[in-house]
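Below you'll find the structure, written out as C-alpha cells, and then a few comments.
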Amino acid sequence: MDMKAVERKWQARWEKAKFNQFDKKAPEKQKLYVLEMFSYPSGAKLHIGHWYNYGPADSYARFKRMQGYNVFQPMGFDAFGLPAENYAIKTGVHPKDSTEKNIATMEGQLRAMGAMFDWSAEIKTCDESYYKWTQWMFLQLYKHGLAYRKEAPVNWCPSCRTVLANEQVEGGRCERCGTEVVRKNLTQWFFKITEYAEELLSGLDGLDWPEKTKNMQRNWIGKSTGCEIEFACESGDVIRVYTTRCDTIFGVTYVVLAPEHPLALKLTTPEQLPAVEAYIAAAAKASEIDRLSTTREKTGVFTGAYCTNPVNGKKIPVYLADYVLATYGTGAVMAVPAHDERDFAFAEKYGLPIVKVIEKKGGETVLPYTEDGIMVGSLQFDGLFGEEARAEVAAYISKLDKGGKKVNYRLRDWLVSRQRYWGAPIPIVHCPNCGDVPVPEKELPVKLPYDVEFRPDGKSPLAKNEAFMNTVCPKCGKPARRDPDTLDTFVCSSWYYLRYADARNEKEPFSREAADAMLPVDTYVGGAEHACMHLLYARFFTKALRDMGYLDFSEPFLRLVHQGVILGPDGNRMSKSHGNIVSPDEYVETYGADAFRLYLMFGFSYTEGGPWNDDGIKAIAKFMDRIEKTVLRIHAMKADRNETYGADEKALDYAKNFAIERVSRDLENFSFNTAVARIMEFLNTIGKYEALEHKNIALLKAAVHDLVLLLAPFAPHFCEELWETIGGKGFVFEQPYPVADPKALELDEKEFAVQVNSRIVCKAMISASLSEEEIRTLAQSLPEVQQRIAGKTVKKCIVVPGRLVNLIVG
RNA sequence: GCGAGUAUGGCGAAACAGGCAGACGCAAGGGACUUAAAAUCCCUCGGUGGCGACACCGUAUCGGUUCAAGUCCGAUUACUCGCACCA
C-alpha cells in the first residue's frame with residue numbers, strides 16, 4: 001500500500017466531510033472531551049514526544065468515537081513564553097515571527113499525523129483574540145480579590161532576568177536555565193491560589209488521576225494542623241508562633257524569628273543592634289541554595305529581648321535565625337531543643353538549655369526525641385500522649401486567649417508577573433491619583449506592541465516602549481502608565497481547555513451554554529512534569545470561575561493519564577547536549593504515519609516509556625502487510641460451498657470475540673501494547689484457520705471484517721483504505737466498534753492445570769458443566785495423579801473454575 | 001533527610017481479583033523454497049542436568065502469610081521521581 005498517497009487521500013476526505021469536528025448538533029450522543037496537552041512551539045518540528053502523546057491518545061479518541069461518543073478532541077498552541085524570547089535574544093529573530101513560523105510547520109505536521117483534531121477550534125495563546133480573554137481572566141480575578149500586588153521576597157533568576165514562581169524553582173535553581181536563583185524584594189502580582197488550598201486538596205480524592213500525581217499535589221499544598229501561640233514580650237509586642245507540637249510547649253527554651261520578621265529590629269536592644277543588623281544583612285545576601293541546604297550549620301543571633309511562655313510564665317530569650325522561614329506560618333517558632341532536631345542543633349551551638357518534656361512510651365528517651373510521647377514536667381498535662389495531649393494543650397491555650405488550633409498550608413500564592421516581553425500584558429494602569437486601575441473590559445486587549453527592545457537589562461522590555469507605557473487613567477482621564485509586566489505563560493494555559501469549547505466567541509471567553517455542554521474534560525493526556533504547576537493552576541482557575549458564576553463544575557480534568565517519556569537510545573533524556581535526539585520524520589517517511597504510531601503503541605508500555613529502539617518497527621510494517629494481504633485474499637474468496645460450523649469454527653469465533661473483548665478493555669485502560677498484541681493473536685488465528693482444508697468462508701469474511709474495525713483506531717488511514725477495498729460503506733470510523741458476543745466466549749471445556757500438593761503434574765481438558773466434586777473425581781482418576789496419590793489420602797481439593805485443580809494429599 | 005514509585009529471559013514487554021511465570025513481538029539458531037540472496041513460510045528459543053519421556057532451579061536480596069506468592073506482609077539493596085530547615 002502506498003501509505004503516503006493513502007494518508008493524503010483520507011485526510012482530504014475527512015477534512016471535506018468535517019469528520020473530525022465535534023458534532024454540536026447531536027445532543028443525543030454522549031459528549032466525550034478528550035484532550036491532549038497543547039504543544040509548545042519552541043522548535044519547528046514535532047519530536048517523538050509529541051507523537052507519543054498525540055498518536056496513542058488519538059487512537060483512544062477514535063475508539064470512543066466508534067463506540068458512539070460525540071468526541072471533541074481539539075489542538076492548539078501554547079505560544080507565549082521564554083524560549084521564543086531567548087531565541088530572539090540570541091538570533092535577533094522576533095518572537096512573533098519565529099513563533100508563527102514554528103506554528104505553521106508544526107500544524108502541518110500535526111495534520112499529517114492524521115489525528116482526529118478538531119481544527120475548527122484551534123487556538124494560539126499569542127493571538128490577540130485569545131490573550132484578550134487571558135487579560136479578561138486577570139481582571140475577573142482582580143475584581144474578586146484573587147489578584148493583588150504586593151512587595152514580597154521573590155525568586156529572581158539573574159540570567160533570565162525575571163522572577164519565577166515557586167513552582168519554577170528547582171533545588172534553588174531556575175528550572176529553565178539552571179542559574180542559581182536569588183531572593184529579591186519586588187512588587188509583583190500574585191493570584192490568591194492559597195484561598196483554595198483546602199478545596200484543591202480535598203478535591204483530589206474524587207479524581208481519576210494517577211495516585212502519584214495526586215500525592216505530589218497533596219505534598220505541594222502541604223496541609224498541616226497545629227496551633228498558634230502568643231508569646232508576650234517585655235516591650236508589649238506579641239510574637240505569634242506556629243507549631244504542630246504544642247504538647248512540647250513546656251520545653252520551650254527560646255523563641256526564634258525569621259530575619260525578615262517585622263518585629264526583628266523593633267525588639268532588638270541597643271547593645272545587640274549592630275550584631276542583629278549585620279545578621280539580617282548577611283541572611284538577605286545568602287543564596288537560596290545556601291539557605292535551603294539542610295546540612296548547613298545553623299546560624300543566628302540574640303536580639304537581647306525576652307518574652308514569656310504563656311503556659312508557665314517563664315522568661316525566654318528571642319533569637320533571629322535563618323532556619324526559620326519568613327513565608328511559612330507566622331515567620332516565628334517556639335524552639336524546643338529536646339524534641340526538634342533543628343532546635344537541638346541550634347541550642348547546642350549557642351549554649352541554650354535543653355528541657356525534656358516528652359518521654360518515649362516504654363523505652364529510653366534519647367534527645368532530640370521527635371516522636372510522639374508522654375508529657376512530663378508539664379504540670380496538669382503530665383501523662384498525656386500524642387494527639388490527645390496536643391488537643392488538651394491547644395484547648396488550654398484557647399482558654400487562656402493566647403492562640404489556638406490553626407491549619408497552615410505550604411502552598412504560596414502564585415506569582416504571575418514576569419519582566420519579559422513575550423507574554424500577555426497585564427491589563428492594569430498605574431495612575432498617580434487613582435493608584436492601580438484595571439483596564440475596562442471593552443478596551444481589551446491591551447495589545448502587545450511589536451517594536452520592542454527585548455534584550456534584557458533587568459527591566460521589563462515593555463517599560464522601555466513609551467508608546468505602550470503612556471496612556472490615560474481609565475478612571476480620571478489623566479496621564480498614567482501601563483503595567484510593564486506580562487503574565488506567566490501558565491496563566492494562558494490555565495483556561496485554554498475552556499476556550500476550546502467556544503473558540504470563536506468574540507463576545508466572551510466562552511459561553512455558559514458551550515461550557516455546560518462540553519466541559520469538563522473527560523480524559524486529559526499529557527506529561528507528568530506538570531503535576532504541581534499547570535495541573536494545579538488549571539484547577540484553581542476552574543474553581544475561581546465557578547465561584548464567579550461562569551462555570552458549573554469544580555474540576556477541569558476528570559481523568560488524567562500521563563504518557564511516559566521516550567528516552568534517547570542511550571537511556572538519557574533526548575537533548576541536544578546528549579546528541580541523542582531521534583527524529584520521527586524519517587520513520588514516518590519510510591513506514592508511514594500509521595506504522596509509526598502503531599509501533600509507538602506496541603513497543604512501549606504507554607505510561608512507562610523508555611529508551612528509543614527501532615528494532616521492532618520493521619515487524620510492525622510486516623504485520624500491517626500481513627493484514628493487508630490476508631484481508632484482500634479472504635475478501636476475494638467466494639462463499640459458494642456448503643458452510644459448516646464445527647469445533648474449528650467455534651475456535652475462530654472464540655478468538656475473534658476474545659480479541660474484541662480484550663482490545664476494548666485494553667484501549668479503555670490506555671494499555672495499547674497489549675491491545676495490539678491481541679490483534680496480532682487474532683490475525684495468527686485467522687491464518688491458521690485459513691490453512692485448514694475445509695473452512696467456512698462466510699465466517700472468515702466476518703472475521704476479517706471485524707479485524708479491520710478492531711485495528712481502525714490504531715492505524716486509521718490504513719484501515720479506511722482496507723474498509724473501502726472490502727466494500728465497506730462510508731468511513732470505517734462511522735462503524736460501531738465490534739462488541740464481543742458473550743456466548744462465543746463460553747467454551748464447552750477448558751484446560752485445567754492439575755496439581756498434587758501444589759505442584760503441577762499434568763494438564764486436563766475439563767468440561768464446563770462439571771461440578772467441583774466431579775472435577776475432583778476426574779482429577780483423581782488421571783494416571784499422572786494416581787501415580788502420586790497411591791496409598792495416600794486426599795485431604796483437600798481446591799478448584800479454581802476454568803483454571804486449576806489442586807489435590808492436597810498426605 | 002522525608003515521601004512516592006520501579007526492579008520479570010539476550011532485548012521491548014505480558015500476567016483480570018493470590019491460581020499453569022515469560023502472552024505478543026524483537027534478536028538469535030535450525031530448516032523449507034531459491035543457482036544464490038532478499039522476501040516469505042515452518043520449527044526451537046529462561047537456566048542447569050539428562051539421549052530421553054523428565055527432574056530441579058528461576059520474577060533484585062532475605063524472611064513471613066497461604067493449599068498456592070511476580071502479585072499480599074516485614075526488612076534490605078539498587079535505580080528513578082517528587083519535596084527538601086514548612087517548626
Side-chain angles (χ1 to χ4, degrees), chain A residues 170-172 210-220 222-224 226-227 241-246 248 256 258 291-296 298 321-336 339-343 345-346 370 408-412 528-529 531-532 565 599 602-605 608 610-620 622-623 625-626 629 661-662 665-666 669 671 673-684 687 691 751-763 795-810:
Chain A
E170 285 178 354
E211 269 314 309
K212 185 171 176 166
T213 305
K214 292 208 265 187
N215 262 329
M216 276 169 68
Q217 286 206 358
R218 287 190 186 107
N219 291 336
W220 190 262
K223 182 178 183 173
S224 115
C227 190
V241 304
Y242 174 73
T243 180
T244 52
R245 288 300 302 273
C246 62
T248 65
V256 197
R291 268 192 82 165
L292 287 177
S293 165
T294 41
T295 52
R296 190 170 76 121
K298 307 248 175 301
D322 69 1
Y323 76 87
V324 175
L325 304 177
T327 47
Y328 181 76
T330 59
V333 304
M334 59 181 219
V336 187
H339 306 293
D340 181 279
E341 281 170 22
R342 295 151 302 185
D343 298 341
F346 191 83
T370 59
N408 262 318
Y409 300 90
R410 298 163 74 144
L411 184 69
R412 309 289 153 82
E529 66 276 14
C532 294
V565 181
Y599 176 61
F602 181 64
F604 302 85
S605 174
E608 297 293 315
W612 175 255
N613 178 332
D614 61 10
D615 280 352
I617 197 161
K618 273 203 195 102
I620 288 294
K622 206 168 84 180
F623 166 63
D625 197 47
R626 275 179 65 209
K629 285 185 178 139
E661 190 191 63
R662 298 293 294 266
R665 196 182 77 194
D666 289 348
N669 297 328
S671 181
N673 53 349
T674 50
V676 176
R678 297 293 87 84
I679 297 177
M680 288 173 167
E681 282 170 352
F682 181 33
L683 177 67
N684 292 342
E751 189 186 64
F752 277 59
V754 181
Q755 297 183 329
V756 172
N757 283 342
S758 305
R759 297 190 77 96
I760 293 172
V761 297
C762 66
K763 310 270 170 85
K795 290 183 187 157
K796 198 174 169 186
C797 173
I798 294 134
V799 175
V800 181
R803 289 186 164 269
L804 165 148
V805 51
N806 187 5
L807 298 166
I808 309 304
V809 300

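As the structure is a computational prediction, the values presented were derived from the model and not from experiment. Note: hydrogens, waters and symmetry copies are ignored here, and every other heavy atom, side chains too, is used. In what follows, chains are A, B, ... by sequence order, proteins preceding strands, each numbered from 1.
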Rounded distance (Å) that lies between atom P of C24(B) and atom CZ of R626(A): 12 Å

Minimum-distance nucleotide to N673(A) side chain [options: A13(B), C67(B), C20(B)]: A13(B)

Contact summary for N408(A) and Y328(A), nearest pair of heavy atoms: CB-OH, 3.5 Å

Any N/O donor-acceptor pair, K795(A) side-chain to C67(B) base, under 3.5 Å: no

Earlier contact from the 5' end, RNA chain B, for F604(A) and N684(A): F604(A)

Closest to the E681(A) side chain, choosing from C24(B), C83(B), C67(B): C24(B)

Rounded interatomic separation in angstrom, taking CH2 from W220(A) and P from C81(B): 17 Å

Residue list, salt bridge (charged side-chain N to carboxylate O under 4.0 Å, His left out) with E681(A), at least two apart or on another chain: R678(A)

L683(A) CG - G25(B) P separation (whole Å): 9 Å

Nucleotide nearest V800(A) when distance is taken to its side chain, options A14(B), G19(B), A4(B): G19(B)

Between P of A84(B) and CZ of R410(A), the distance in whole Å: 6 Å

Any side-chain donor near an acceptor of the partner, S758(A) and N806(A), under 3.5 Å: yes

Whether F604(A) and W612(A) hold their rings parallel, tilted or perpendicular, with breakpoints at 30° and 60°: parallel

Proximity to RNA chain B (any heavy atom under 4.0 Å), residues of residues 610-620 of chain A only: D615(A), A619(A)

Just the table, please: protein N/O against nucleotides 54-60 of chain B N/O, every pair under 3.5 Å.
residue : atom : partner : partner atom : Å
A55(B)  : OP1  : R788(A) : NH2          : 3.3
C57(B)  : OP2  : R759(A) : NH2          : 3.3

Check: T370(A) main-chain N/O paired with R245(A) side-chain donor or acceptor under 3.5 Å: yes

Electrostatic pair R218(A)-E211(A), nearest N-O below 4.0 angstrom: yes

Collect all protein-nucleotide pairs involving nucleotides 16-18 of chain B in which both atoms are nitrogen or oxygen and the distance is under 3.5 Å.
residue : atom : partner : partner atom : Å
C16(B)  : N3   : R803(A) : NH2          : 3.0
C16(B)  : N4   : R803(A) : NE           : 2.8
C16(B)  : N4   : R803(A) : NH1          : 3.2
C16(B)  : N4   : R803(A) : NH2          : 2.0

Out of A23(B), C20(B), C67(B), whichever nucleotide has its closest atom nearest the side chain of S758(A): C67(B)

Under 3.5 Å donor-acceptor pair, K763(A) side-chain atoms to C20(B) base atoms: yes

Gap between atoms OH and P, on Y328(A) and A87(B) respectively (whole Å): 4 Å

Side chain of R678(A) - closest among C67(B), C85(B), C24(B): C24(B)

N806(A) side-chain proximity, nearest of A4(B), A87(B), C67(B): C67(B)

Distance between C1' atoms of G3(B) and A84(B) (Å, rounded): 10 Å

Could you pull out the protein-nucleic contacts involving nucleotides 63-65 of chain B (nitrogen or oxygen on both sides, under 3.5 Å)?
none

Whole-Å gap separating C1' (A87(B)) and CD (E341(A)): 12 Å

From CA spacing to verdict: side-chain contact (heavy atoms from CB on, under 4.5 Å), Q755(A), L804(A): CA-CA 8 Å; Q755(A) 297 183 329; L804(A) 165 148; 3.7 Å; yes

Side-chain donor/acceptor of D343(A) to backbone N/O of H339(A), under 3.5 Å: no

Syn/anti label of G9(B) as read from its glycosidic torsion, with the cut at 90° from 0: syn

Euclidean distance for P, C42(B) against C24(B) (whole angstrom): 13 Å

Rounded distance in Å - NZ (K622(A)) to P (A38(B)): 13 Å

Residue pair C532(A) / W220(A): nearest heavy atoms and the distance that separates them: SG-CB, 3.6 Å

S605(A) side chain near A14(B) phosphate (N/O to OP1/OP2, under 4.0 Å): yes

Where RNA chain B forms stems, i.e. three or more consecutive Watson-Crick or G-U pairs with both distances under 3.5 Å: B:1-7 with B:77-83, B:10-12 with B:24-26, B:28-32 with B:40-44, B:46-49 with B:54-57, B:60-64 with B:72-76

Residue mapping more 5' on RNA chain B - nearest nucleotide basis, Y409(A) or M680(A): M680(A)

Whole-angstrom distance between A23(B) and C85(B), as gauged at atom P: 49 Å

Inter-nucleotide C1' distance (G64(B), G49(B)), Å rounded: 32 Å

Pairwise C1' distance for G70(B) and U61(B), with rounding to whole Å: 15 Å

Distance in angstrom units between K629(A) NZ and U40(B) P, rounded: 7 Å

Side-chain N or O of S224(A) closer than 4.0 Å to phosphate OP1/OP2 of A87(B): yes

Touch class at under 4.0 angstrom, heavy-atom based, for G329(A) against every strand present: nothing

